[in-house]
Amino acid sequence: QVQLVESGGGLVQPGGSLRLSCAASGSIFSINAMAWHRRAPGKQREPVAIITSSGSTIYPDSVKGRFTISRDNAKNEVYLQMNSLKPEDTAVYYCYAQVRKTDSGSYNNYWGQGTQVTVSS
């Protein structure tokens, strides 16, 4: 089995910063893309940052220049540095990873349980 565990969420004032972490563990041979998604109240889940195995990154315009995704392949961890936070960034943030369990297997999608980020004064 594969588990993704997020940490680092919490309450922060507008303009503040938070750093989310996600650790993947279990039966892991390799990890392809990793990402962070979020679901705000009353809205659908949306991607906020994607990072490939080689380190290429993609961001939507809503967070570009404010959020930075990074990963540590040796630790099977992914991070999200969030700066200049706005009230509209309030959401549950989910970690995502494409994981292959064996060298001959296919990649499957895994999600963390989510961590709450609240931006409010």
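Computed from a prediction, not measured in an experiment: that's the story for all the values here.
Across all their heavy atoms, L80 and A49 have their closest contact at CD1-CB, 3.9 Å. For P60 against P47, the heavy-atom pair with the smallest separation is CG-O, 3.6 Å. Pairing each heavy atom of P14 with each of S121, the nearest pair is CD-N, 3.7 Å.
In this structure, R39 and Y94 have side chains that are in contact, with non-hydrogen atoms separated by less than 4.5 Å. Between Q116 and T90 there is a side-chain heavy-atom pair separated by less than 4.5 Å. Residues Y107 and R100 meet the side-chain proximity criterion, which asks for heavy atoms closer than 4.5 Å. Counting only heavy atoms from C-beta outward, the side chains of V48 and H37 never approach each other to under 4.5 Å.
Take A40 and apply the side chain to side chain contact (heavy atoms under 4.5 Å, CB included) test, not counting sequence neighbours, and it matches K43, A91.
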Please table the atom pairs, donor to acceptor, closer than 3.5 Å between any side-chain atom in residues 63-71 and protein atoms at least two apart or in another chain.
from: K64; atom 1: NZ; to: D61; atom 2: OD1; distance (Å): 3.3
from: R66; atom 1: NH1; to: S84; atom 2: O; distance (Å): 3.0
from: R66; atom 1: NH1; to: D89; atom 2: OD2; distance (Å): 2.7
from: R66; atom 1: NH2; to: S62; atom 2: O; distance (Å): 2.8
from: R66; atom 1: NH2; to: D89; atom 2: OD1; distance (Å): 3.0
from: R66; atom 1: NH2; to: D89; atom 2: OD2; distance (Å): 3.4
from: R71; atom 1: NE; to: N73; atom 2: OD1; distance (Å): 2.6
from: R71; atom 1: NH1; to: N32; atom 2: O; distance (Å): 2.8
from: R71; atom 1: NH1; to: I51; atom 2: O; distance (Å): 3.4
from: R71; atom 1: NH1; to: T52; atom 2: O; distance (Å): 3.0
from: R71; atom 1: NH2; to: I31; atom 2: O; distance (Å): 3.4
from: R71; atom 1: NH2; to: N32; atom 2: O; distance (Å): 3.1
from: R71; atom 1: NH2; to: N73; atom 2: OD1; distance (Å): 3.2

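Note on V12 and V92: separate hydrophobic clusters, where clusters join Ile, Leu, Val, Met, Phe, Trp and Tyr whose side-chain heavy atoms are under 4.5 Å apart, directly or indirectly.
Applying the disulfide (SG to SG under 2.5 Å) test to every pair with at least one member in residues 59-91, sequence neighbours left out, gives no pairs at all. The list of disulfide (SG to SG under 2.5 Å) pairs with a residue in residues 44-85, not counting sequence neighbours, is empty. Note on residues 15-121: pairs passing disulfide (SG to SG under 2.5 Å), not counting sequence neighbours, are C22-C95. The side chain to side chain donor-acceptor pair (under 3.5 Å) analysis of residues 6-17, with sequence neighbours excluded, yields the pairs E6-Q113, S17-N83.
Counted within 6.0 Å of CD on E46, heavy atoms from surrounding residues, nucleotides or ligands total more than 12; the atom is thus considered enclosed. Sparse packing is recorded around CD of Q44, with 12 or fewer heavy atoms of other residues, nucleotides or ligands lying under 6.0 Å away.
For the atom pair M82 CE and L18 CG, the distance stands at 4.5 Å (nearest 0.5 Å). Distance check, rounded to the nearest 0.5 Å: CD of Q1 to CD1 of I28 gives 10.5 Å. Separation of atoms CD1 (I50) and CD1 (I58) is listed at 5.0 Å; rounding is to 0.5 Å. Rounding to the nearest 0.5 Å gives a distance of 10.5 Å between OH of Y93 and CH2 of W36. With rounding to the nearest 0.5 Å, the separation of CG in N109 from CD in Q98 is 5.5 Å. Atom OH of Y96 and atom CE of M34 lie 10.5 Å apart (nearest 0.5 Å).
Of the N and O atoms on the side chains of E77 and Y79, at least one donor lies less than 3.5 Å from an acceptor on the other residue.
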